[in-house]
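Scroll down for the structure; my scribbles are underneath it.
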Amino acid sequence: MSLLHKHLRIHQIFGANTDVGKTILTTALVRASAARNTPVFYLKPISTGRLDDADDRHVERYGASDLLETHCFYRYDAPASPHLAAWFSLVLTKQQIPGDETVLRSISKYAQRCAARISEQAHLYVETAGGVHSPTLSGTTHADFYRPLFLPTVLVGDPKLGGISSTISSYESLLVRGYIVDAVVLFRDSHYRNWEYLTTYFAERGVHVSAFDPPPPVHPEPSENVRLTHAYYKALVPQNKKDGIFTVADHLDACHKERLAELESMPRRTLDTIWWPFVQHGLVQDERDVTVIDSAYSDYFSTFRPGKEQVPTAGSSSLLVPEFDSSASWWTQTVGHGHPSLTLAAASASGRYGHVMFPKATHLPALKLAERLVHHGPGKGWANRVFFSDNGSTGMEVALKMALRAYTSRHGEVISKSEKKTLGVLGLKGSYHGDTLGAMDACEEVDVYTSEWHNAKGYWFEPPTVGIRDREVVITFPSAIADLVGSDRLLTKSLGWAYDVGSRLRTPLYQTYAMYIRRTLDSLGQRGAPKLAALVLEPLLMGAGGMIFVDPLFQRAMVDVVRGLNPSEQDWSGMPVIFDEVFVGLNRIGMHSCGSLLGVNPDISVNAKVLTGGLVPLAATLASEHIFNAFLSNEKGKALLHGHSYTAHAIGCEVANEALKMIDKLETSRDWQTAKKKWDSGEKDGSVWSFWDPQFVDGISTVKAVEEVMTLGCVLVIKFRDACGGYTSHSAERALAPLRETIDDGRPSPAPGGLPYTIHLRTLGNVAYFMTSLNTAPSLVRSVEQRISELLSGC
């Protein structure tokens, strides 16, 4: 991940094109550093072409100083783009092409070694090859290849014909990938005068621009050419050490100092101005408790922690440390942070539409997304309509409005106006549908989430749950059901058997569940309780309530009972059924939608989080046609009068379309197929599986301090034994606190650049959870498993 050292200023040199003077202007910067007695390092990771023309050789010759060190990792003789030069080498000499990660590790380790060798200010320049989008050895473009290192950048502009366009395009390509562009430098060309336009253009964007005279033409006499080149550099790097290239060097020094100062000031400024969600500020007084996220990429944050030594055993003075984002940033990340495909989708929609209002209008991103969700996504086979909103909580409020209106439209003649105000929902204890007041009202009242206006409306069953204890898959019953079956738990054959709902419908347990639910509902009616107008479920896994894996057979029984054991695909019966799939939907737990596993579809469902790959907020509430028809009328007052200023915002819809395309490809990937095979129990092939290894899961389920473990898809949950367990417990956080520390044990690190990493942890009382993206590298998952296993082995 990002490298930032107090004493080593690092800048990366990108070019807007080939042959724009990257090496010449970098040589000038190198000479400026040496002229001020500053140690300077130059790295050309990949070099192509003749050795006597190599860029590092040029820098070594004309940067001439005892304070200079030059280095190159990979050389290829062919004077071609790196990907072609590497291919020629493979064909002719059988020399293997190093992968992206290998090259990044080499760069990172070199920077670390440079930092370890100095105790005062020094500079490192890393020069790329070709233009911003020139391919590297593997074919990855330079802009994408170098992004994991997140080094501050100097862009060398193009002074030639068309150079204004290529320079601006290169800058924007870097910008949308998050790069910090500290300066643009280029040659003056008296014919095209690009520097004049670019100076004004970038000044309006706060980017420093410097222009310099180009070098003289190459002289045919080698010795004379060397003399002329030395003379050119003397003019470019004047003796007064103030003008010329020194203005750029000074600016880069200032940028480095400003970045350090800002990072150091952010914790105090944050404590003075920010009100965090789900945080008791009375417990956060120390600036060292503030995690400053400088950037994020793939599955990692790059964090600054004030007052803490960073990787001392690695001899590194880096102020930034990679942290595995083990909550997938509150369950949102789908393909990792900073994915360029999602960023470009957002930029495209922003440029084409910005935001446009939506009532009685349409635009292509929203229409394509709605059609995809209905015809090929979670709504396939039952949904006809999509209502867009801005996040999962409001998406659920929309769903509740739909369901309650459908219920009252059908039973309006027997429901008084006052009774409509007291309609409740049926659900499960531990459910959570968001923090807006309407969504809160659809959950059982619990102390930690209760607000002054919260008015829980409904009835909530305590559900039987699925977990792994001592290597056994166990269904644990609440007391009311335990009394009926004569035991508090059921040992199952396998995880596949537990989730084979179709087969389990023929078991006595299903009949017991259905009887218990029916009797309870009859009892509520006899006691004159408020009418229940909708069944609201988080299918299979209830998230914020404690990562509760509900026995799917119980949820199926609930749907069957409220529908009168006669679920119709044409119309709803009993009460409308809502699936809150904000968390679990779109493969978060290994399936596109939970309806396929439960064997029943809802009447209304909500998707968010994974929907946009975690880049921007967007929610989609899907509904069947008969729900839609409950609002159909010639009277406007009977419409669904709900909306947001940013309903169906084009940026979110376009990003969602791109994210869903990426998910389609991932579903057939080798990593997914390998993970599925590991979990194939033979009971029902492919029904349930996890990215977490079954042997690892079984192993930690035997740890004395662990009560239960469970996993599906991306999610791993560890429940610790705690007599005072619950949301306010700190037992899981205390047990796993060492995961927050950087460990350099000599083993290869899966983090970009091979840096030792920490784990950014979120807990729910005595429950700890870990979550991958849908494309997290297996090497990272195995590394995290090893860290957890070694930590818990002593518990």
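The figures that follow rest on heavy atoms only: side chains count, while hydrogens, waters and symmetry mates do not.
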Residue list, side-chain hydrogen bond (donor to acceptor under 3.5 Å, both in side chains) with Ser393, at least two apart or on another chain: Thr436
Under 3.5 Å: donor-acceptor pair, side chain of Thr763, backbone of Val767: no
Does Glu790 offer a backbone N or O that forms a donor-acceptor pair with the side chain of Ser793 under 3.5 Å? yes
Restricting to pairs with a member in residues 766-784, which pass salt bridge (charged side-chain N to carboxylate O under 4.0 Å, His left out), not counting sequence neighbours? Arg782-Glu785
Counting only N and O atoms by type, is there a donor-acceptor contact under 3.5 Å from the side chain of Gln673 to the main-chain atoms of Glu667? yes
Please test Val706 against Ser701 for side chain to side chain contact (heavy atoms under 4.5 Å, CB included), starting from the C-alpha separation and ending with a verdict. CA-CA 6 Å; Val706 173; Ser701 74; 5.8 Å; no
Residues two or more places apart in sequence or in another chain: which of them pass salt bridge (charged side-chain N to carboxylate O under 4.0 Å, His left out) with Lys677? none
side-chain hydrogen bond (donor to acceptor under 3.5 Å, both in side chains) against Ser593, all qualifying residues, sequence neighbours excluded: Glu581
Please give me the minimum heavy-atom distance between Ala456 and Cys443, naming the atom from each residue. CB-O, 3.4 Å
Rounded to the nearest 0.5 Å, how far does CZ of Arg762 lie from CE of Met771? 11.5 Å
The residue among Thr621, Val536, Ile604 that forms side-chain contact (heavy atoms from CB on, under 4.5 Å) with Met396 is Val536
On the six-membered ring of Tyr757, is Arg787 placed so that its NZ or CZ lies under 6.0 angstrom from the centre and within 45° of the ring axis? yes
Determine whether Thr520 and Tyr459 satisfy the following criterion, side-chain hydrogen bond (donor to acceptor under 3.5 Å, both in side chains), listing intermediate values before the conclusion. CA-CA 10 Å; Thr520 302; Tyr459 181 82; 5.1 Å; no
For Arg670, side chain to side chain contact (heavy atoms under 4.5 Å, CB included) partners two or more places apart: Thr674
Is any side-chain heavy atom of Met558 less than 4.5 Å from a side-chain heavy atom of Leu428? yes
Which pairs with one or both residues in residues 709-720 pass salt bridge (charged side-chain N to carboxylate O under 4.0 Å, His left out), sequence neighbours excluded? Glu707-Lys719
Would you say that more than 12 heavy atoms from the other residues, nucleotides or ligands in this model lie under 6.0 Å from the CZ of Arg519, or not? no
Can any side-chain N or O of Asp441 pair as donor or acceptor with the backbone N or O of Lys457 at less than 3.5 Å? no
What side-chain donor-acceptor pairs closer than 3.5 Å can you find for residues 463-485, not counting sequence neighbours?
from: Arg469; atom 1: NE; to: Glu708; atom 2: OE2; distance (Å): 2.8
from: Arg469; atom 1: NH2; to: Glu708; atom 2: OE2; distance (Å): 3.1

Can you name the ring-ring contact (aromatic ring centres under 6.0 Å, His included) partners of His337, sequence neighbours left out? Phe301
Heavy-atom closest pair (Thr711 atom, Ser690 atom, distance to 0.1 Å) is OG1-OG, 2.6 Å
Closest non-hydrogen contact found for Lys609 with Trp330 is NZ-O, 3.3 Å
Could you check whether any side-chain N or O of Ser773 sits under 3.5 Å from a backbone N or O of Thr776, counting only pairs where one atom can act as donor and the other as acceptor? no
Atom CD of Gln786 and atom CG of Leu791: how far apart are they, to the nearest 0.5 Å? 12.5 Å
Would you say Thr507 and Tyr510 make side-chain contact, with heavy atoms under 4.5 Å? yes
Within the distance-only criterion (no hydrogens, no angle test), does the side chain of Glu444 pair as donor or acceptor with the backbone N or O of Ser431 below 3.5 angstrom? no
Shortest non-hydrogen contact between Gly395 and Val606, atoms and distance: O-CG2, 3.5 Å
Option from Phe770, Trp672, Trp679 for which ring pair (Phe, Tyr, Trp, His ring centres under 6.0 Å) with Phe691 holds: Trp672
Do side-chain atoms of Gln555 reach the backbone of Leu540 as a donor and acceptor pair under 3.5 angstrom? yes
Report the distance from atom CD1 of Ile788 to atom CG of Leu716, rounding to the nearest 0.5 Å. 5.5 Å
How about Leu611 and Val582: do any of their side-chain heavy atoms sit closer than 4.5 Å? no
Please report the shortest heavy-atom distance between Met402 and Ala623, naming the atom on each side. SD-CB, 3.9 Å
Taking only residues two or more places apart in sequence or in another chain, which ones pass side-chain hydrogen bond (donor to acceptor under 3.5 Å, both in side chains) with Thr758? Glu323
Would the distance check show the side chain of Trp692 and the main-chain N or O of Val697 forming a donor-acceptor pair, the cut-off being under 3.5 Å? no
How long is the gap from CG on Asn607 to CG on Leu586, to the nearest 0.5 Å? 4.5 Å
What's the shortest heavy-atom distance between Thr612 and Leu342, and which atoms? O-CD1, 4.0 Å
Output, in order, the C-alpha distance, side-chain angles, deciding distance and verdict of side chain to side chain contact (heavy atoms under 4.5 Å, CB included) for Leu535 and Val561. CA-CA 10 Å; Leu535 172 60; Val561 169; over 6 Å; no
Under the side-chain hydrogen bond (donor to acceptor under 3.5 Å, both in side chains) rule, collect the residues that match up with Arg372, sequence neighbours excluded. Asp664
Reported CE-to-NE2 distance for the pair Met440 and His454, which is rounded to 0.5 angstrom: 5.0 Å
Calculate, to the nearest 0.5 Å, the distance between atoms CH2 and SG belonging to Trp331 and Cys714 respectively. 13.0 Å
My understanding is that only residues two or more places apart in sequence, or in another chain, count here; which of them pass salt bridge (charged side-chain N to carboxylate O under 4.0 Å, His left out) with Glu462? none
Carefully, step by step, assess Trp382 and Phe579 under the rule ring pair (Phe, Tyr, Trp, His ring centres under 6.0 Å). CA-CA 13 Å; Trp382 66 272; Phe579 281 2; 8.0 Å; no
Validation: residues 541-554 side-chain donor-acceptor distances under 3.5 Å, sequence neighbours left out:
from: Asp551; atom 1: OD1; to: Arg504; atom 2: NH1; distance (Å): 2.7
from: Asp551; atom 1: OD1; to: Arg504; atom 2: NH2; distance (Å): 3.4
from: Asp551; atom 1: OD1; to: Leu553; atom 2: N; distance (Å): 3.1
from: Asp551; atom 1: OD2; to: Arg504; atom 2: NH2; distance (Å): 3.1
from: Asp551; atom 1: OD2; to: Tyr513; atom 2: OH; distance (Å): 2.7

Pair Leu369, Leu660 - check side chain to side chain contact (heavy atoms under 4.5 Å, CB included), show working. CA-CA 9 Å; Leu369 179 57; Leu660 293 176; 3.7 Å; yes
Side chain to side chain contact (heavy atoms under 4.5 Å, CB included) between Arg740 and Leu761, worked out: CA-CA 7 Å; Arg740 290 182 171 273; Leu761 188 68; 4.2 Å; yes
Side chain proximity check, Cys594 to Ile589, heavy atoms < 4.5 angstrom: yes
Between Val610 and Asn587, is any pair of side-chain heavy atoms under 4.5 Å apart? no
